[in-house]
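The structure appears right after this line, and notes come after that.
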Amino acid sequence: MSERLPPVEKLPLALRKNVRDEWDNKKAEYEKELSDILTVPWTMEVNPNQVYAYAKEGYAKESLGSCIAAYFKGAIWQLKSYESTYGESGLKELNDICHAHVLTMDVDEAKRFTYGGVDVDERGALRLLFAPDNLGCNIDYCMERDTLQKALNNAPAAPGASEGGISFATRTGIRQDYDPKIEAIRSKVAELLAWPEIKLNPNWEQVFAALKAESQVKKTELREDWQAYMGAMAISYFDGLQSQIQWQKFEDDDLLQEGFRDVVTSGEIKFRIVEKLKEDSYSECEIEDGVLYLQSTAKTWGTNTSYTAQKLVDKL
């Protein structure tokens with residue numbers, strides 16, 4: 001982490017005028033536009049004298065107010081794209097994570113970004129960051145979607161929030177890939193088993209915790225984007241279950257349906273991550289305490305999902 005430069009004591013007159021005309025006089029307009037996009041009141045904060053301490057030759061050095069305004073306008077542009085991608089629920093997520101409802105601008109002391117980026121600070125403010133040696137470079141892309149998603153994933157927990165909760169990327173994947181499809185799969189499984197009340201449980205918290213632990217293992221083979229794919233992968237496991245039940249002809253066999261109800265007494269089918277499988281495979285099914293578990297290890301998660309329940313009849 002680099003040592004923060006002290007803010008300059010006083011800006012040159014021409015720069016003070018530029019800051020006044022291009023930033024101070026337009027700040028309220030930008031705040032309104034930002035608040036309209038995010039649906040709740042937001043404010044903007046920046047210390048021009050601190051920013052100017054990092055100004056080199058060019059845009060920031062000659063037109064500081066215009067440069068600052070460009071950073072905030074770029075953020076607004078990116079947030080419009082965010083809103084169109086994630087919708088109302090995504091806006092609520094952002095507002096909850098960035099609970100201070102402040103957009104600010106500061107130097108990237110940790111030198112995480114080549115040109116610029118974004119993070120969420122300890123007070124819950126969303127911070128536009130510029131690299132110490134690259135103020136004014138790639139202004140519009142500080143808050144591009146992938147960078148913003150990582151910032152929201154890594155944000156400090158809001159007051160009262162659970163420290164062990166699933167990430168923004170996972171919640172987004174669930175909304176986009178799991179929620180719209182799961183009821184159709186559940187309904188088909190219920191039809192095949194002649195059990196209208198059957199429940200499918202993705203077990204998000206346990207799976208997330210197990211995969212997170214695996215992601216921190218040295219030389220893990222877990223895909224880097226596992227958080228975003230948890231929703232899609234849960235669909236894959238339950239869809240594979242549906243296919244296996246259909247292939248094993250439960251729909252046409254009263255005896256199989258009765259056998260299923262006799263042992264899966266809870267009426268629940270649940271996915272989980274286990275440390276070790278009983279069979280030599282990528283995944284398997286197991287019945288415990290009246291629950292049918294579809295299970296894999298963290299290392300084999302997402303592999304051959306269609307075959308997880310292939311030995312279901314043997315378990316009944």
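Heads up: numbering here begins at 1 and tracks the sequence.
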Exercise. Can a donor-acceptor pair be found between the side chains of Arg175 and Ser89 at a distance below 3.5 Å?
Worked result: yes

Exercise. Roughly how far apart are Tyr282 OH and Thr303 OG1, rounded to 0.5 Å?
Worked result: 6.5 Å

For this session: With side-chain contact (heavy atoms from CB on, under 4.5 Å) as the test, would you mind laying out the steps for Cys285 and Tyr293 before giving the verdict?
Result: CA-CA 5 Å; Cys285 64; Tyr293 287 99; over 6 Å; no

Exercise. Nearest 0.5 Å, what's the CH2-CE distance between Trp301 and Met230?
Worked result: 7.0 Å

Problem set entry | Between Thr220 and Glu214, a side-chain donor and acceptor under 3.5 Å | yes

Exercise. If you measure from OG1 on Thr170 to NZ on Lys212, what distance do you get to the nearest 0.5 Å?
Worked result: 10.0 Å

Problem set entry | Asp146 side chain to Gln149 side chain, donor-acceptor N/O pair below 3.5 angstrom | no

Could you list the donor-acceptor pairs under 3.5 angstrom formed by side chains in residues 60-77, with sequence neighbours left out?
{"residue": "Ser66", "atom": "OG", "partner": "Asn18", "partner atom": "ND2", "Å": "3.3"}
{"residue": "Tyr71", "atom": "OH", "partner": "Gly136", "partner atom": "N", "Å": "2.8"}

Exercise. Just by modelled atom types, is the Ile166 backbone N or O under 3.5 Å from a matching donor or acceptor in the Arg171 side chain?
Worked result: yes

Problem set entry | Arg145 NZ/CZ over Tyr82 ring centroid, <6.0 Å and within 45° of normal | no

Problem set entry | Flag for Gln206-Arg272: side-chain donor and acceptor within less than 3.5 Å | no

Problem set entry | Trp42 and His101 aromatic ring geometry - parallel, tilted or perpendicular at 30°/60° bounds | parallel

For this session: Using distance alone, with no hydrogens and no angle criterion, decide if Ser81 and Ser84 have a side-chain donor and acceptor under 3.5 Å apart.
Result: no

Exercise. Any sub-3.5 Å donor-acceptor pair from Asn134's side-chain atoms to Thr114's backbone N or O?
Worked result: yes

For this session: Heavy atoms only: give me the nearest Asn95-Leu38 pair and the separation to one decimal.
Result: ND2-O, 2.8 Å

Problem set entry | Residues Glu286 and Gln295: side-chain donor-acceptor under 3.5 angstrom | no

For this session: Look at the side-chain heavy atoms of Ile, Leu, Val, Met, Phe, Trp and Tyr, link any pair under 4.5 Å apart, and say whether Phe271 and Val291 land in one connected group.
Result: no

Exercise. Is there a donor-acceptor contact under 3.5 Å linking the side chains of Ser296 and Ser283?
Worked result: no

Problem set entry | Approximate separation, where rounding is to 0.5 Å, of Lys56 NZ and Asp133 CG | 5.0 Å

For this session: Output the distance between atom CZ (Arg16) and atom NZ (Lys10), rounded to the nearest 0.5 Å.
Result: 4.5 Å

